[in-house]
Amino acid sequence: MSPTTIDRDGLLALASKLALAAGNMARDGRAQRGIAKADTKSSATDVVTEFDKASEALIVDGILAARPHDAVIGEEGTDKAGTSGIDWLIDPIDGTTNFLYDLPGWNVSIAAASAQGTEVGVVYVPATNELFTAIAGGGAYLNGRPIRCSDTDDVALALIATGFSYQIERRRSQARRVAAMLPQVRDLRRFGAAAADLCYVAAGRVDAYFEEWLAPWDLAAGGLIAREAGCHLGSLDGGPPRPDSVLAANSLIHSALQALIRQIDDQIDNDHLQ
C-alpha cells in the first residue's frame with residue numbers, strides 16, 4: 001500500500017470515535033459500578049481490570065466491523081493478522097494504576113500504522129475530556145486546536161516527565177537516575193501513563209519525557225502526536241526511538257538532555273563497580 005492510497009482521514013475518524021466510546025464507557029462504568037475485579041500481569045503491581053478488557057473488545061470490534069482486513073494488536077491479548085497493510089496498535093487503558101485509584105492520568109491510545117510508519121494517532125484522556133490527535137505530516141491537535149511543544153532552551157529550566165518499570169530491579173536503577181537528575185533540572189513529574197506523557201510534551205505542558213521498557217502500543221500514538229507537534233524523538237543512547245528507550249523533547253534541549261542522561265548512567269555504572 002502506497003502512502004497516497006491510505007485514507008488517513010478515515011483512519012483518524014474511526015480511531016477518534018472508538019477512543020471516545022471506549023474511554024467514556026470505562027470512565028462512566030467505573031463511576032457507576034466501581035471495579036469488580038483487578039488481576040495482575042507481569043508483576044504484583046502491574047494491574048488489569050475488567051474495563052481494560054471491555055475497552056479493548058469495544059475497540060477491536062469497531063475496527064474489524066469497519067475494516068475487516070486490517071491487523072490489530074492490543075495490550076490485553078488481541079493479535080489478529082491482516083492483509084490490508086494497515087496495523088492497529090491499541091492500549092485500551094494506558095495507566096491502569098491511575099484508573100484503579102481514580103486518578104486522572106489514564107487514557108485510551110489507538111494508532112494505525114503502515115509500512116511507512118505510524119499514519120494516525122489518537123490519545124483520549126476521559127477525566128479531562130481531552131482528545132489528542134495527529135495525522136502523519138498533518139500536525140498535532142488537542143480537541144481540534146493545533147498544539148506545539150515548548151521552546152525551553154535550557155535543561156536546567158526544563159520540566160521533565162518520566163515513568164518507571166513494574167520490575168523491581170529496573171525500578172531501583174531508574175530511582176538512582178532520577179535522584180541524580182533532580183538537582184539538574186527544574187523539576188520532575190511522574191503522571192503514570194506513557195501516551196498521555198507524550199501528549200503533554202506535544203502540548204508544551206512539560207518540556208521533555210523519557211522512559212524505558214514500554215510496549216509498542218505505549219509509544220505509537222503518543223509518539224506520532226509528539227513528533228507532529230515539533231518534538232524530537234530518540235532513544236536514551238542516541239539512536240532512534242524504540243519502545244524500550246524513548247526520549248521526547250523540543251529540539252532545543254533534546255541533545256543536551258540525552259547527554260545528561262548518559263552522563264548520569266555512566267556515573268551510576270562506575271559507582272556500582274567500585
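Throughout, numbering of the chain's residues begins at 1 and tracks the sequence.
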**Asked** Can you tell me how far the CZ atom of R170 sits from the CH2 atom of W213, to the nearest 0.5 Å?
**Response** 4.5 Å

**Request:** Measure across I93 and E75 and return the closest heavy-atom pair with its distance rounded to 0.1 Å.
**Result:** O-OE1, 4.1 Å

**Request:** Kindly compute the distance separating OG (S173) from CD1 (I168), expressed to the nearest 0.5 Å.
**Result:** 14.0 Å

**Request:** Please determine, by modelled atom types, if D94 and S109 share a side-chain donor-acceptor pair under 3.5 angstrom.
**Result:** no

**Request:** Please step through side chain to side chain contact (heavy atoms under 4.5 Å, CB included) for the pair R8 and L12, ending with a clear verdict.
**Result:** CA-CA 6 Å; R8 295 188 181 94; L12 184 67; over 6 Å; no

**Item:** Atom pair CD/CZ of E50 and R33 - distance to nearest 0.5 Å
**Value:** 7.5 Å

**Item:** Ring centers of Y200, F191 separated by less than 6.0 Å
**Value:** yes

**E212-S165 side chain donor-acceptor pair, cut-off 3.5 Å** = no

**Asked** Which atom names give the shortest non-hydrogen contact between A221 and I110, and what distance separates them?
**Response** CB-O, 3.5 Å

**Request:** Using a cut-off of 6.0 Å, state whether more than 12 heavy atoms not belonging to K17 lie near its atom NZ.
**Result:** no

**Prompt:** Just how far is it from atom CG of L188 to atom CD1 of I160, taken to the nearest 0.5 Å?
**Reply:** 7.0 Å

**Asked** For the residue pair V125 and W106, what are the closest heavy atoms and their distance?
**Response** CG1-O, 3.7 Å

**Message:** Distance check, rounded to the nearest 0.5 Å: E119 atom CD versus I6 atom CD1?
**Reply:** 3.5 Å

**Request:** Identify whether the distance between the nearest side-chain nitrogen and carboxylate oxygen of R205 and E130 falls below 4.0 Å.
**Result:** yes

**Asked** Shortest non-hydrogen contact from N107 to A193?
**Response** ND2-CB, 3.5 Å

**Prompt:** Rounded to the nearest 0.5 Å, how far does CG of L198 lie from CG of L214?
**Reply:** 8.0 Å

**Prompt:** Would you call D187 and R189 a salt bridge, using N to O less than 4.0 angstrom?
**Reply:** yes

**Asked** Which atoms form the tightest heavy-atom contact between T152 and L252, and what is the distance?
**Response** O-CB, 3.7 Å

**Asked** Between D237 and R262, is there a salt bridge with N-O shorter than 4.0 Å?
**Response** no

**Item:** Considering all heavy atoms, the nearest L219-P243 contact
**Value:** CD2-N, 3.8 Å

